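This report concerns only the one structure given below.
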Amino acid sequence: MSTLNASLADLQSLFLRLAPVPGVSLQERLIANAIAALLKPAGITVIEDAAGTTLGGDAGNLICLPPHFDPAQPAMMLTAHLDTVESTAALTPVVHPDRITSGGDTILGGDCRLGLTVLCDLLLQSARGTAPLKNFFVLFTVAEEIGLLGAREFDASQYNISFAYVFDSSRRPGIYIKECVGLHLFDAAFHGKAAHAGVAPEEGINAIALAAAAIANVPFGRIDDDMTANIGAIRGGHATNVVPDLVTVEGEVRSFSPDRIREQMGIIERRMREGMNGVGTLSFSTRVDFEPYVLMDGMSFLTDLERALRTCGLTPNPIRYSGGSDANMYNAKGIKAVNLGTGAQKPHTKEEFFLLEDILAVAKIAYSLVEKS
Ligand SMILES: [Zn+2]
């Protein structure tokens with residue numbers, strides 16, 4: 001029996017209130033203020049950390065503590081992110097009989113304002129104190145869309161976190177990301193030698209030709225079931241009468257194993273050098289965008305999740321997924337975290353939408369996770 005009650009009318013009006021508040025990455029001040037203005041009068045403690053200052057943004061992560069929160073006890077963390085991939089300032093949400101869309105000229109911001117709405121509603125309901133609840137708090141992060149930066153800056157050592165549920169997958173409710181790829185990036189700079197293309201071409205080393213030979217020697221695309229690789233950008237040369245001296249190439253590798261990503265980066269660099277045949281020079285560097293996570297069967301927080309999903313009439317559906325979320329960052333910090341399907345579909349596009357039945361289902365999942373059984 002649920003004692004927290006999901007109301008579609010409440011969820012809908014809360015979403016319509018929050019969605020048009022602008023908050024692109026590192027400019028989350030207005031949405032952070034809107035959340036604080038919503039929650040504080042209800043008795044929820046809202047703490048803003050220093051991530052804004054550290055990251056050069058105008059707002060920090062919001063840590064929202066319901067009245068019953070006990071810092072001395074282990075706590076469940078529920079999270080969503082404040083930022084949207086584009087501004088929603090000009091958004092005119094359209095409520096259809098079965099769904100909410102944008103007016104067609106902007107994103108809807110369902111990523112992640114749906115998660116934000118559900119967790120704000122959960123906090124407001126929990127502050128009413130009518131239901132016995134587990135120890136939990138909510139974290140709203142900044143700068144998720146530009147590399148999980150807010151989650152990275154969040155000081156988890158301040159809280160006794162057992163595990164985390166992230167409300168940020170575009171898949172339908174019931175689905176959860178049990179295994180998620182990590183993403184590492186590489187930069188390759190091919191250095192040749194400039195020369196006049198007509199007067200002294202033999203004095204030059206053509207960096208475009210170097211890059212072409214190197215790239216032709218490297219496997220890309222779907223490497224196998226567990227790994228993909230891509231070259232996503234190439235820049236170089238500026239005039240037809242100059243032998244170009246520099247070409248830069250950017251790419252990525254995704255896999256479920258950090259060791260395999262590093263191994264593949266080694267292969268890419270080695271094959272590029274082989275392709276160059278001793279001509280010119282290559283500077284090759286890699287960096288971590290986010291690390292993968294693989295959750296094991298039978299972990300208690302997944303068992304709890306599956307129970308909650310079944311309570312809501314959903315069939316638990318664990319999947320492997322190739323896009324990151326704050327869950328990747330929490331797992332990398334040693335906090336077991338899973339990203340849940342919210343049904344905020346077609347994210348980052350003007351066709352973005354969610355079904356009304358899905359926001360209701362996600363709210364029920366959140367309630368079920370925190371209610372004492
Ligand atoms: Zn998101």
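Numbers for residues simply follow the sequence, beginning at 1. The model shown is predicted, which means the values in this text are computed figures rather than measured ones. FYI, side chains are in, hydrogens and waters are out, and symmetry mates aren't considered; it's all heavy atoms of this structure. Just so you know, ligand 1 is whichever comes first in the structure, and atom 1 is the first atom listed for that ligand.
- Within the 3.5 Å criterion, the main-chain N or O of N5 finds a donor-acceptor partner in the side chain of Q125.
- Within the 2.8 Å limit, H81 places at least one N, O or S atom next to the Zn ion (ligand 1).
- Summarising the geometry, atom CD1 belonging to I267 is positioned 12.0 Å from atom CG belonging to N217; distances are rounded to the nearest 0.5 Å.
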- Task: Applying side-chain contact (heavy atoms from CB on, under 4.5 Å), run through I35 and V46 and close with a yes or a no.
- Result: CA-CA 9 Å; I35 299 275; V46 180; 5.5 Å; no
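- The Zn ion (ligand 1) is closest to atom OD1 of D111 (considering only N, O or S atoms).
- When the N, O or S atoms of D168 are ranked by distance to the Zn ion (ligand 1), OD1 comes first.
- The shortest non-hydrogen separation linking D111 to H81 is OD1-NE2, 3.0 Å.
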